[in-house]
Protein chains: 2
Amino acid sequence: MDWLLLRELQTEARLSFSELSRRVHLSPPAVAERVRKLEESGVIGGYRAHVDPRLVGRGVVALVTMSCYGPGCVLRNPEALRSADVLEVHRVTGGACCVLRVAVATMADFEELIDRLSAYGTPSSSMVLSSPVPWRPTLPPGG
Amino acid sequence: MDWLLLRELQTEARLSFSELSRRVHLSPPAVAERVRKLEESGVIGGYRAHVDPRLVGRGVVALVTMSCYGPGCVLRNPEALRSADVLEVHRVTGGACCVLRVAVATMADFEELIDRLSAYGTPSSSMVLSSPVPWRPTLPPGG
DNA sequence: GTTGAAATCTGTCAGCA
DNA sequence: TGCTGACAGATTTCAAC
C-alpha cells in the first residue's frame, strides 16, 4: 500500500492528501498518516520540482569523473563542490574517486570549472548529449 | 523573479501557491500564472517525491557505463532499458555510449542485470558508496 | 500585478468499528 | 489500523481595476 502512495508521489509530488486518497482507495487521514511516516523514516527525502537545465541557460551538461585520493581529494575539500554548477556528487568504487553531474552555460564556463576541479585531482569529462531516461520512479524490488 | 519561484519549488515542491506568494512577495494569482507558464514551457518538468532506494530494499546502487555502438546498442533496443532497476540513462560522449544509474536489492540481482545488459554491449560498473551531494537545485547561470 | 470575495477543497479532529 | 462525519481554515479562481 505504501508503494502505491510512493508511486503516485514520485510522479506527481503536488497531489493533495485528498486526491491521493482517491487514487489509492484509502481515507484521507490514513493517507496523511502513512505519508507522515514515510517522510519521518526518510523513505521520502523531499519533494522537488524538476527543472530542465538546458531550458534555463545551462545548456552544457556533463558527467565528470574525478580521480583524486589522499588529503587533496575533492571529497575532503568541501569548498571544491560548493559551486552551483555541481548538481550531484556520488562517491564510487573503481579507478575513480567520485562522479559529478554538472551543468554550466557555456563551454568556456565548463573549461573554468574543469580548471578549478583540477586543483583537487584529475577530472575526466563526458558530455551528456541527451537523457533517453532522465528519471524513473523507484519501484518495489523484485516486483 | 521566476528564479525565486524555481528555487522554492525545487526545494519544496508541495508548497501551495498561497505559501509561495508569501515567500516571494507576489500575489497568489501572479504566482499561479508564472508557475503555469513555467510548466507549459517545460522549464518545470514535473514534481517528484524523492525516494531513497537504500531504504526501500534497493541497497545496491551503481553507475553502469555501457560501451555499445551499432544496431545492437542498448539505446536502439528500448526493451533493454525497460527494467525498473534502471533509474536513469544518459547518452554521453567519450569512449562510452551511455551511463546508467541502477538500483537493485542484492549483488545477485546486480549480477543478473549486468548479464542482461551484456547482450547489448560491454558494461563497466562503479558501485555508488554514498552521495555526498545527492542533489542540488539548478540556479541561474552566472549567479 | 493587485485586490477582494465567493466557492471549493483541504486537513484534521473526535468517535467508533 | 482504518473509516466516517463534521468543522474550521486555507486555497484556488474569478472578476474588475
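Each chain gets a letter, A, B and so on, in the order its sequence line appears, and its residues count up from 1. Bear in mind that the values here come from a model prediction, so they are computed numbers and not experimental data.
- Residue Val128(A) is tested with Leu63(A), Val102(A), Val60(A) for a side-chain contact (heavy atoms from CB on, under 4.5 Å); the sole match is Leu63(A).
- Side-chain N/O atoms of Arg34(A) include none lying less than 4.0 angstrom from OP1 or OP2 on dT1(D).
- To the nearest angstrom, P of dG2(D) lies 8 Å from CE of Met1(A).
- When the salt bridge (Lys or Arg N to Asp or Glu O under 4.0 Å) test is applied to Arg23(A), the partners found at least two apart in sequence or on another chain are Glu8(A), Glu19(A).
- The nearest whole Å value for the distance from the CG atom in Leu20(A) to the P atom in dC9(C) is 16 Å.
- Regarding His25(B), its NE2 atom lies at a distance of 13 Å from the P atom of dT3(C), rounded to whole Å.
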*For salt bridge (charged side-chain N to carboxylate O under 4.0 Å, His left out), just list the numbers for Asp85(A) and Arg116(A), CA-CA rounded to whole Å, side-chain angles, deciding distance to a tenth of an Å, and then say yes or no.*
CA-CA 12 Å; Asp85(A) 300 340; Arg116(A) 270 182 278 142; 3.6 Å; yes
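- Remark: C1' of dG11(C) and CZ of Arg36(A) are 14 Å apart, rounded to the nearest angstrom.
- Rounded to whole Å, atom C1' of dC3(D) lies 9 Å from atom CG of Leu26(A).
- Look at Glu39(B) and Arg36(B) and you find no salt bridge, because none of the NZ, NE, NH1 or NH2 atoms lies under 4.0 Å from a carboxylate O.
- Atom-to-atom, CG of Leu38(A) to P of dT1(D) comes out at 12 Å; the value is rounded to the nearest Å.
- Contact check on Arg7(A) versus Asp2(A) returns no salt bridge, with no Lys/Arg side-chain nitrogen under 4.0 Å from an Asp/Glu carboxylate oxygen.
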Pairwise N/O distances under 3.5 Å, protein to nucleotides 10-13 of chain D:
{"residue": "dT11(D)", "atom": "OP1", "partner": "Ser16(B)", "partner atom": "OG", "Å": "3.3"}
{"residue": "dT11(D)", "atom": "OP2", "partner": "Arg22(B)", "partner atom": "NH2", "Å": "2.8"}
{"residue": "dT11(D)", "atom": "O5'", "partner": "Ser18(B)", "partner atom": "OG", "Å": "3.4"}
{"residue": "dT12(D)", "atom": "OP1", "partner": "Phe17(B)", "partner atom": "N", "Å": "3.3"}
{"residue": "dT12(D)", "atom": "OP2", "partner": "Phe17(B)", "partner atom": "N", "Å": "3.2"}
{"residue": "dT12(D)", "atom": "OP2", "partner": "Ser18(B)", "partner atom": "N", "Å": "3.1"}
{"residue": "dT12(D)", "atom": "OP2", "partner": "Ser18(B)", "partner atom": "OG", "Å": "3.0"}

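- A donor-acceptor distance shorter than 3.5 angstrom exists from the side chain of Asp109(B) to the backbone of Thr106(B), with no hydrogens or angles considered.
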